[in-house]
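Please read the structure below before turning to the comments.
In what follows, every heavy atom counts, from backbone to side chain, and hydrogens, waters and symmetry copies are set aside. In this text the structure is predicted, and so the values were computed from the model without any measurement.
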Amino acid sequence: MSRKQSKRRAIARPKYYTIMDEMMASSTEPLPLDYRRHQLTRMYEGLHAMETAPAPTTDDWRVVSDAVNLMETLIKDMAICEDDSGLLMDAITALALAGRRNLAGGAIRMDGAGIQAVRAILSDYGDLLDVLPARTMIRCHRLTEKRLHELMDGKRRPHDVE
């Protein structure tokens with residue numbers, strides 16, 4: 001087998017937003033209110049399920065992780081805001097532990113400190129959604145999606161939690 005044939009082929013993953021979506025989005029106005037409300041409602045419902053539901057689902061974990069991943073992009077990649085307190089890493093760690101617990105056969109749960117960190121990150125994300133232009137948020141989504149695809153391909157960053 002030649003070197004080219006032995007290399008792993010990249011998996012084609014669909015993208016939710018395109019560069020055209022980003023370019024066409026408002027550079028001054030936030031995303032539409034209905035979109036923001038829907039997104040935040042799903043994220044808070046996921047967090048509520050992780051806190052209280054008898055059997056939280058991986059979809060609950062995923063929508064909460066989306067909020068934390070988007071905040072990570074806003075903080076680390078786009079430098080739009082800062083996290084001087086380390087709250088972001090607390091939230092990332094809490095979700096990683098909840099994911100591990102699920103893989104080991106347990107419920108997708110976080111401890112009290114993890115819940116507080118994730119709740120605070122979600123609140124900050126909601127505040128940013130209300131003030132950042134739609135174009136900025138779509139760029140954030142695109143960069144986050146790209147980073148998550150890289151993670152799935154095994155490309156890790158020093159601060160990633162497995």
Derivation of the side-chain contact (heavy atoms from CB on, under 4.5 Å) call for V118 and L47 = CA-CA 8 Å; V118 170; L47 179 58; 3.9 Å; yes

inquiry  = Measuring only between side-chain heavy atoms, which start at C-beta, is M43 closer than 4.5 Å to D66?
reply    =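 Yes, their side chains come closer than 4.5 Å.
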
ask   = L95 versus M50: any side-chain heavy-atom pair under 4.5 Å?
value =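 L95 vs M50: side chains touch.
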
ask   = Judged by modelled atom types alone, do D21 and T18 share a side-chain donor-acceptor pair under 3.5 Å?
value =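 Yes, side-chain donor-acceptor contact under 3.5 Å.
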
key: From CA spacing to verdict: side-chain contact (heavy atoms from CB on, under 4.5 Å), R147, T73   = CA-CA 9 Å; R147 186 173 51 77; T73 300; 3.7 Å; yes

Per-pair distances, 0.1 Å, donor-acceptor, side chain in residues 22-31, under 3.5 Å, sequence neighbours excluded:
| unit_1 | atom_1 | unit_2 | atom_2 | d |
| --- | --- | --- | --- | --- |
| E22 | OE1 | R142 | NH1 | 2.6 |
| S26 | OG | T28 | N | 3.1 |
| S26 | OG | T28 | OG1 | 3.4 |
| S26 | OG | E29 | N | 2.7 |

Distance-only donor-acceptor hits, side chain of residues 120-134, under 3.5 Å, sequence neighbours excluded:
| unit_1 | atom_1 | unit_2 | atom_2 | d |
| --- | --- | --- | --- | --- |
| Y125 | OH | Q39 | OE1 | 3.1 |
| Y125 | OH | Q39 | NE2 | 3.3 |
| D130 | OD1 | R36 | NH1 | 2.9 |

Rounded to the nearest 0.5 Å, how far apart are [atom1] of [X] and [atom2] of [Y]?
X: M137; Y: Y17; atom1: CE; atom2: OH; value: 8.5 Å
X: T144; Y: L70; atom1: OG1; atom2: CG; value: 4.5 Å
X: H141; Y: T136; atom1: NE2; atom2: OG1; value: 11.5 Å
X: H48; Y: I115; atom1: NE2; atom2: CD1; value: 11.0 Å

ask   = Within the distance-only criterion (no hydrogens, no angle test), does the side chain of N102 pair as donor or acceptor with the backbone N or O of I108 below 3.5 angstrom?
value =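 Absent.
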
inquiry  = Is there a path of hydrophobic side-chain contacts, each under 4.5 Å between heavy atoms of I/L/V/M/F/W/Y residues, joining L87 to M89?
reply    =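 Yes, it is one cluster - the side chains of M89 and L87 are joined through contacts under 4.5 Å.
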
Exercise: identify the closest heavy-atom pair between A94 and G114 =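 Minimum heavy-atom separation between A94 and G114: CB-CA, 3.4 Å.
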
ask   = What closest approach, in Å, do M110 and A98 show between heavy atoms, and which atom pair accounts for it?
value =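 Of all heavy-atom pairs spanning M110 and A98, the closest is CG-CB, 4.0 Å.
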
Kindly write out the residues that satisfy side chain to side chain donor-acceptor pair (under 3.5 Å) with [X], not counting sequence neighbours, or none if the list is empty.
X: T57; value: D60
X: D34; value: R37
X: H38; value: none

request  = Check whether more than 12 heavy atoms from other residues, nucleotides or ligands sit under 6.0 Å from atom CZ of R62, and answer yes or no.
outcome  =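 Count over threshold, so yes.
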
key: With C140, the side chain to side chain contact (heavy atoms under 4.5 Å, CB included) member among M78, E72, M71   =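 Result for side chain to side chain contact (heavy atoms under 4.5 Å, CB included) with C140: M78.
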
Qualifying residues under salt bridge (charged side-chain N to carboxylate O under 4.0 Å, His left out), relative to E51, sequence neighbours excluded =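 By the salt bridge (charged side-chain N to carboxylate O under 4.0 Å, His left out) rule, E51 matches R119.
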
inquiry  = Walk me through whether D83 and S85 qualify under side-chain contact (heavy atoms from CB on, under 4.5 Å).
reply    = CA-CA 6 Å; D83 177 38; S85 66; 3.5 Å; yes

